[in-house]
J.: 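Structure in structure tokens, see below.
Atoms considered below: every heavy atom in the structure, side chains included; atoms not considered: hydrogens, waters and symmetry mates. We count residues from 1, following the sequence as given.
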Amino acid sequence: MKGINNKTKPDNAAVFPFCPEQVTITAGARTDELFFNWLTAPPFTDTRVRYRPTDIDSWTYAEGHNALHRHGDNPPLRSHKAKLCGLCPSATYVYEIGSAQNGGACWADPSIFIALPADSAPVSLACFCDLQPKLSPYTQALPATMRYMLANQQKPDLLLFTGDFIRHGSCNQDWADFFSAMEPYSRSYPAIFMPGNHEQKMDDPFYTQFAARFFMHNGFPDTFDGVSIEHITGWFEAGDACIVVIATVLSPDHLTDAFIKAQLDWAERIFTRSKKKWRILASHAGPYLIHKDGSRYRPLLNEGCDRLGVDLYLDGHDHMYMRGTVRHNTKAAPGQGTTYITGGVMGWDIFDRYEQANDPYVDAHNDARRLMFKRILISTERLSVAVYQNHSKIQDDFLKIDFTNWALVDELHIPHSLSE
């Protein structure tokens, strides 16, 4: 998002050009609200957005808050966050991000977003895992996949990212590379962004770089042993589903059994208060990992999902695809237990170790070295999951991947809500 409206340009805009960057739109606790996050140069200490339906001329204005963000040797940035309320279901809006300086107002070039559907309407999600590119061309894997999806499938209402967008969370250049490829979509599609272990990499253990760029609303409210995870957890509503994001990749010193139990108790309160039919729990690392052992927390997460009536658990981290439905430590049919889905990957790294692929709880797994994404349809009747895999094997030569050639490799329908 570049440029300014010259009619309202502040006098010193040439000194400090107003160029909001790394714009993201995040779902909220209600389907009629969205949260906007962006970065600017430090002098822009005013935070505002104006927005309107495309068929209406008058603007609605929203003001937000901002904070100066510094991390290590990276240049300082200012992080802005604003909440847009009262959105009409599925309406198309034009919006402009603005600021003020020396008595003048400036507005960035307009962009478009589509509000989330109504509570009772079906909602289509597109889910992506583990984007971090080991080779720089793989920053283009996600936008290339999005172009295919928008041309050949139902347009998603909401994007869901289960973490590991980049290689090193402390590096501003890694974030800039990610957004150079993703920003045409991140500033137009509501999304849920959750961090992974790579957002901690290179000395950012508490996700300050992530928090500057994404708005996780309604996070876990309590500190535990002095640690706050409010900025990396949250809950959201989409259609007839409530989605709760918990943290499972903090350092072992902080990620204790008691900390996980406290998050599950918090999730139970959220699900009960939400009254939505479908309950979805999400984290970066889950209990049924194949390449990376998730069994340490499996008993806690299994018991929690059973107690909470979680219909679907989504995670990544493993860089491959796995699905299984479990209740009371016994394999179950979809709708009769929590369905756990891991991966697959949307980046370069694919692992070759699948010793646990014959785990008795696994209904489906895929160990091919190919990019994958998931589509989830939330309706009042059922939850449906479709998994797509690219035909080309991941390789050093990115240009040999055919992003027009995808195949449906797994699908699932959950007909019953456990909580009902």
J.: Just so I know, are the side chains of Trp175 and Leu77 near enough to count as touching, which here means a heavy-atom distance under 4.5 Å?
T.: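 Heavy-atom side-chain distance check fails, nothing below 4.5 Å.
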J.: Check for a donor-acceptor pair, side chain of His80 on one end and backbone N or O of Asn66 on the other, with a separation under 3.5 Å.
T.: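 It does not hold such a pair.
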J.: What's the spacing between Ile341 CD1 and Cys127 SG if we round to 0.5 Å?
T.: 8.5 Å
J.: Might you point out which heavy atoms bring Asp363 and Gly324 nearest each other, and give the distance in Å?
T.: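 Taking every non-hydrogen atom into account, OD2-CA, 3.5 Å.
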J.: Using side chain to side chain donor-acceptor pair (under 3.5 Å), reason through His65 and Thr47 one step at a time and then give a plain yes or no.
T.: CA-CA 6 Å; His65 62 277; Thr47 302; over 6 Å; no
J.: Output yes when a side-chain donor or acceptor of Asp130 lies under 3.5 Å from a complementary backbone atom of His317, and no otherwise.
T.: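 A pair under 3.5 Å: yes.
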J.: Taking the inter-plane angle between the rings of Phe403 and Trp406 on a 0 to 90° scale, is it parallel (under 30°), tilted (30 to 60°) or perpendicular (over 60°)?
T.: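 Correct class here is tilted.
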J.: Atom SG in Cys305, atom CG in Leu418: separation rounded to 0.5 Å?
T.: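 Answer rounded to 0.5 Å: 9.5 Å.
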J.: Using a 6.0 Å cut-off, check whether atom CG of Asp55 has over 12 heavy atoms from anything other than its own residue.
T.: yes
J.: Could you tell me whether the side chains of Glu381 and Ser379 share a donor-acceptor contact shorter than 3.5 Å?
T.: yes
J.: Could you list the residues that satisfy salt bridge (charged side-chain N to carboxylate O under 4.0 Å, His left out) with Lys83, not counting sequence neighbours?
T.: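 Result, salt bridge (charged side-chain N to carboxylate O under 4.0 Å, His left out) vs Lys83: Glu33.
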J.: Could you tell me which residues satisfy ring-ring contact (aromatic ring centres under 6.0 Å, His included) with Tyr340, sequence neighbours excluded, listed by chain and number?
T.: Tyr288, Tyr313
J.: Got Met194 and Leu160 here, is their nearest side-chain heavy-atom distance under 4.5 Å?
T.: yes
J.: I'd like to check Pro156 versus Leu150 (side-chain heavy atoms, cut-off strictly below 4.5 Å). Are they in contact?
T.: yes
J.: Between the main-chain N or O of His328 and the side-chain N or O of Asp306, is there a donor-acceptor pair closer than 3.5 Å?
T.: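 Side chain of Asp306 to backbone of His328, a donor-acceptor pair under 3.5 Å: yes, one is there.
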J.: Between Ala29 and Asn218, what is the shortest heavy-atom contact and its length?
T.: CB-ND2, 3.1 Å
J.: I'd like to check the ring-ring contact (aromatic ring centres under 6.0 Å, His included) partners of Tyr189; sequence neighbours left out, ordered by chain and number.
T.: none
J.: So which heavy atom on Ala108 is nearest to which on Phe18, and how close?
T.: N-CE2, 3.8 Å
J.: With sequence neighbours excluded, what pairs up with Phe128 under the ring-ring contact (aromatic ring centres under 6.0 Å, His included) test?
T.: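 Phe128 satisfies ring-ring contact (aromatic ring centres under 6.0 Å, His included) with Phe161 once adjacent residues are dropped.
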J.: Under the criterion ring-ring contact (aromatic ring centres under 6.0 Å, His included), which of Phe113, Tyr51, Phe214, Phe215 is the partner of Phe36?
T.: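 Checked Phe113, Tyr51, Phe214, Phe215 against Phe36; only one passes ring-ring contact (aromatic ring centres under 6.0 Å, His included): Phe113.
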J.: Side-chain donor-acceptor pair under 3.5 Å between Ser58 and Arg52, yes or no?
T.: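 No, no side-chain donor-acceptor contact under 3.5 Å.
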J.: Please list, one pair per line, the donor and acceptor atoms closer than 3.5 Å that link side chains of residues 233-249 to other protein atoms, with sequence neighbours excluded.
T.:
from, atom 1, to, atom 2, distance (Å)
Thr233, OG1, Phe220, N, 2.7
Thr233, OG1, Ile229, O, 2.8
Glu237, OE2, Ser274, OG, 2.9
Asp240, OD1, Lys277, N, 3.3
Thr248, OG1, Ala285, N, 3.2
Thr248, OG1, Ala285, O, 2.8

J.: Once you round to the nearest 0.5 Å, how far does CZ of Arg382 lie from NE2 of His416?
T.: 11.5 Å
J.: Where is the tightest heavy-atom contact between Ile114 and Ser90, given as atom of each residue plus distance?
T.: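 Shortest heavy-atom contact: CG2-O, 3.6 Å.
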J.: Return the CZ to CD1 distance between Phe35 and Ile25, rounded to the nearest 0.5 Å.
T.: 13.0 Å
J.: Okay, side chain of Asp315, backbone of Thr162: is any donor-acceptor separation there less than 3.5 Å?
T.: no
J.: If you look at every heavy atom in Lys400 and Ser392, which pair is closest and at what distance?
T.: O-OG, 3.8 Å
J.: Is Arg327 reaching over with its side chain to a backbone N or O of Thr338, donor-acceptor style, under 3.5 angstrom?
T.: no
J.: Compare every heavy atom of Gly335 with every heavy atom of Pro415, then report the nearest pair and how far apart it is.
T.: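 Closest heavy-atom pair between Pro415 and Gly335: CD-CA, 4.2 Å.
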J.: What verdict does the side-chain contact (heavy atoms from CB on, under 4.5 Å) test give for Trp38 and Glu183, after you've listed the backbone C-alpha separation in whole Å, the side-chain angles of each residue and the deciding distance to 0.1 Å?
T.: CA-CA 11 Å; Trp38 65 94; Glu183 194 163 8; over 6 Å; no
J.: Who passes salt bridge (charged side-chain N to carboxylate O under 4.0 Å, His left out) against Asp32, sequence neighbours left out?
T.: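 Applying salt bridge (charged side-chain N to carboxylate O under 4.0 Å, His left out) to Asp32 gives Arg30.
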J.: Is there a donor-acceptor pair closer than 3.5 Å between any side-chain N or O of Asp257 and the backbone N or O of Leu300?
T.: no
J.: Check whether Asn366 reaches the backbone of Met320 with its side chain - one donor and one acceptor, N or O, closer than 3.5 Å.
T.: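 The answer is no, because no donor-acceptor pair under 3.5 Å joins these two groups.
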J.: Under the ring-ring contact (aromatic ring centres under 6.0 Å, His included) test, which residues partner Trp278, sequence neighbours left out?
T.: none
J.: Gln209 and Asn172: side-chain donor and acceptor closer than 3.5 Å?
T.: yes
J.: For Asp265, check side chain to side chain donor-acceptor pair (under 3.5 Å) against everything at least two apart and list the hits.
T.: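 Asp265: side chain to side chain donor-acceptor pair (under 3.5 Å) contacts with Arg307.
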J.: Can you list everything that forms a side chain to side chain contact (heavy atoms under 4.5 Å, CB included) with Thr272? Sequence neighbours excluded, please.
T.: Glu268, Arg279
J.: Hey, could you give me the OG/CD distance between Ser180 and Gln140, rounded to the nearest 0.5 Å?
T.: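 Spacing of OG (Ser180) from CD (Gln140) equals 6.5 Å.
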J.: Heavy atoms, side chains only, cut-off 4.5 Å: are Val385 and Thr339 in contact?
T.: no
J.: Do the side chain of Tyr321 and the main chain of Ala364 share a donor and acceptor less than 3.5 angstrom apart?
T.: no
J.: Counting C-beta onward and ignoring hydrogens, is there a side-chain heavy-atom pair between Gln153 and Tyr148 closer than 4.5 Å?
T.: yes
J.: With sequence neighbours excluded, what pairs up with Asp204 under the salt bridge (charged side-chain N to carboxylate O under 4.0 Å, His left out) test?
T.: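 Asp204 satisfies salt bridge (charged side-chain N to carboxylate O under 4.0 Å, His left out) with no other residue.
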J.: Between Arg370 (side chain only) and His391 (backbone N and O only), is there a donor and an acceptor less than 3.5 Å apart?
T.: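 Confirmed, Arg370 side chain pairs with His391 backbone.
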J.: Taking salt bridge (charged side-chain N to carboxylate O under 4.0 Å, His left out) as the definition, give me every residue that meets it alongside Lys155, ordered by chain and number, with sequence neighbours left out.
T.: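 Checked Lys155 against salt bridge (charged side-chain N to carboxylate O under 4.0 Å, His left out); zero matches.
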J.: Evaluate the side-chain proximity of Asp119 to Lys276: yes if any heavy-atom separation is below 4.5 Å, no if none is.
T.: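 Touching, per the 4.5 Å side-chain cut-off.
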J.: Is there a donor-acceptor pair under 3.5 Å between the side chain of Glu199 and the backbone N or O of Phe165?
T.: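 Judged by distance alone, yes, a pair lies under 3.5 Å.
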J.: Are Arg375 and Tyr388 close enough that some pair of their side-chain heavy atoms sits under 4.5 Å apart?
T.: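 When only atoms from C-beta onward are counted, Tyr388 and Arg375 do touch, with a gap below 4.5 Å.
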J.: Can you pull the salt bridge (charged side-chain N to carboxylate O under 4.0 Å, His left out) pairs that have at least one residue in residues 402-411, sequence neighbours excluded?
T.: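 Listed once each, the pairs are Arg323-Asp410.
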J.: Does the side chain of Ser228 pick up a donor-acceptor pair with the side chain of Thr223 at under 3.5 Å?
T.: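 Judged by distance alone, the side chains do not pair up.
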J.: What distance separates His365 NE2 from Thr342 OG1, expressed to the nearest 0.5 Å?
T.: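 These two atoms lie 12.5 Å from each other.
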J.: Could you tell me whether the side chain of Ser188 reaches within less than 4.5 Å of the side chain of Ile112, counting heavy atoms only?
T.: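 They are not in contact (no side-chain heavy atoms under 4.5 Å apart), so the answer is no.
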